[in-house]
Colleague: 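I'd like to ask you about the structure that follows.
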Protein chains: 2
Amino acid sequence: MKRDSRLSSVLHALIHMAERDAAMTSTELGTCLGANAVVVRRTMGLLRTAKIVTSDRGHTGGWRIASDLSTVTLRQLHEALGEPIVFAVGNRNERTKCLVEQSVNAALDGAFAEAEALLLKRFENITVADLAAGVAKRQTKRRARHKSRTR
Amino acid sequence: MKRDSRLSSVLHALIHMAERDAAMTSTELGTCLGANAVVVRRTMGLLRTAKIVTSDRGHTGGWRIASDLSTVTLRQLHEALGEPIVFAVGNRNERTKCLVEQSVNAALDGAFAEAEALLLKRFENITVADLAAGVAKRQTKRRARHKSRTR
DNA sequence: TTTCATGTAACTATTGTTGTTACATATGGC
DNA sequence: GCCATATGTAACAACAATAGTTACATGAAA
């Protein structure tokens, strides 16, 4: 399967929107992400349903942030995207009468469930604002490097 | 993408082979797994490369276990299968000049790496023999249930 | 009223496993 | 030696989910 990069995309989009603090069109976001404007609308539409952003049509329209990004966690974004399947690996037949397969499934499911729980727990503890702050730090560093080179 | 169920498949196959303690043909295994014989050959071929099983052609041919299953861990099987990608979710652009995307990628990669490490650690601690023992337990239980019903 | 933006539908492209067909090759039994 | 049986592969279609594309309807502001 093609890997699902929508969480990565919406994070990227939200932070750019936060830096701008003004409406951004799907085309602008698409250019930013290197993605198609229709795909942007499709994906951002899920965030609108979750009331994380709003959208307006016509002139001066586009996408706007509609909630405090310090309260929006990666977990919430994952949920807003419909909790897509996390693993590319899984059992062959989820329901089976074969005892062997049942045992195998139980063991694998346990391991996968544990890993997914850990991932979602990490997602709960990271807000979009945290990531935005990380970006600000990187920008400061880059400016410092540039300054020292040109001095 | 279709989810990768090869780990589940080879575990199922190995345990059936262990119960039989005789060569099993690809067709027999395929029937067992509800899978195609060619796919069985393809996947089991990877285990042969890893010297976990052997195969023979012609009459009395088929697949045989070639190592002590109490020393074969799920991690080894995962490696034998070529360490397939575990996550169906990932970053959009792995390498990018955009600082925003770099920060997002770093945060997501960290969380994914942690979850994958946990999963592989679990895989290291489970042997095929462990699962086979689990199957034996289930069979005992089923027999007990059956006995009490027919008494 | 025109222009710009979102909202959607209906496709194709992509990317990996899985399924299928076909055929080459080796092996054991007669 | 011949034949049935099994693996070994190649080549391609099927599948499943996101991503990309084209086309057009709809709403809002200049």
Colleague: Go through dT9(D), dT8(C), dT18(C) for me and flag the one nearest to the V38(A) side chain.
Modeller: dT8(C)

Colleague: Taking CG from N91(A) and P from dT18(C), how many angstroms apart are they, rounded to a whole number?
Modeller: 12 Å

Colleague: What is the distance, to the nearest angstrom, from the CD atom on E28(A) to the C1' atom on dT6(C)?
Modeller: 14 Å

Colleague: Below 4.0 angstrom from OP1 or OP2 of dG16(C), is there any side-chain N or O of R3(A)?
Modeller: no

Colleague: Got a donor-acceptor contact below 3.5 angstrom from the N105(A) side chain to the N93(A) backbone?
Modeller: yes

Colleague: Examine distances only and state if a side-chain atom of S8(B) and a backbone atom of R92(A) form a donor-acceptor pair shorter than 3.5 Å.
Modeller: yes

Colleague: So what does S5(B) hit on the nucleic acid, given a heavy-atom distance under 4.0 Å: a base, only sugar-phosphate, or nothing?
Modeller: sugar-phosphate

Colleague: Nearest to the side chain of R92(B) - dT17(C), dA22(C), dG20(D)?
Modeller: dG20(D)

Colleague: Determine, stepwise, if the pair V128(B) / L11(B) fulfils side-chain contact (heavy atoms from CB on, under 4.5 Å).
Modeller: CA-CA 7 Å; V128(B) 182; L11(B) 279 171; 4.0 Å; yes

Colleague: Tell me whether the OP1 or OP2 atom of dT20(C) has a side-chain N or O from N36(B) closer than 4.0 Å.
Modeller: yes

Colleague: Mark yes or no for whether Q76(A), through its side chain, and T73(A), through its backbone, hold a donor-acceptor pair below 3.5 Å.
Modeller: yes

Colleague: Distance-only criterion, 3.5 Å: show the donor-acceptor pairs between side-chain atoms of residues 106-121 of chain B and protein atoms not counting sequence neighbours.
Modeller:
{"from": "D109(B)", "atom 1": "OD1", "to": "N91(B)", "atom 2": "ND2", "distance (Å)": "2.8"}
{"from": "D109(B)", "atom 1": "OD2", "to": "N91(B)", "atom 2": "ND2", "distance (Å)": "3.3"}
{"from": "E114(B)", "atom 1": "OE1", "to": "R122(A)", "atom 2": "NE", "distance (Å)": "2.9"}
{"from": "E114(B)", "atom 1": "OE2", "to": "R122(A)", "atom 2": "NE", "distance (Å)": "2.9"}
{"from": "E114(B)", "atom 1": "OE2", "to": "R122(A)", "atom 2": "NH2", "distance (Å)": "2.7"}

Colleague: Expressed in angstrom and rounded to an integer, what is the separation of I85(B) atom CD1 from dA17(D) atom C1'?
Modeller: 15 Å

Colleague: Would you say R42(A) places a side-chain N or O within less than 4.0 Å of OP1 or OP2 belonging to dT8(C)?
Modeller: no

Colleague: Who passes salt bridge (charged side-chain N to carboxylate O under 4.0 Å, His left out) against R48(A), sequence neighbours left out?
Modeller: none

Colleague: Quick one: D4(A) CG to dT18(D) P, roughly how many Å, whole number?
Modeller: 6 Å

Colleague: Find which nucleotide of DNA chain D each of R6(A) and G45(B) is nearest to by heavy atoms, and output the residue with the more 5' nucleotide.
Modeller: G45(B)

Colleague: Check the distance between dT6(C)'s P and L47(A)'s CG and give it to me in whole angstrom.
Modeller: 14 Å

Colleague: Decide yes or no for V10(B) and L46(B): does some side-chain heavy atom of the first lie under 4.5 Å from some side-chain heavy atom of the second?
Modeller: no

Colleague: Please report, rounded to the nearest Å, how far the C1' atom of dT6(C) is from the CG atom of L29(A).
Modeller: 13 Å

Colleague: Would you say S26(B) reaches dT7(D)'s phosphate, i.e. side-chain N/O to OP1/OP2 under 4.0 Å?
Modeller: yes

Colleague: Please tell me if the side chains of V53(A) and L14(A) come closer than 4.5 Å, counting only heavy atoms from C-beta onward.
Modeller: yes

Colleague: Hey, is the side chain of R48(A) pairing donor to acceptor with the base of dG7(C) inside 3.5 Å?
Modeller: no

Colleague: I need the CG-P distance between L46(A) and dT6(C), as an integer number of Å.
Modeller: 16 Å

Colleague: Just how far, in rounded Å, is C1' of dG20(D) from CG of L33(A)?
Modeller: 14 Å

Colleague: Taking donor-acceptor contacts at under 3.5 Å, does the side chain of R41(B) reach the base of dT25(C)?
Modeller: no

Colleague: Tell me which residues in residues 55-67 of chain A lie within less than 4.0 Å of DNA chain C, going by non-hydrogen atoms.
Modeller: S55(A), D56(A), R57(A), G58(A), H59(A), G62(A), W63(A)

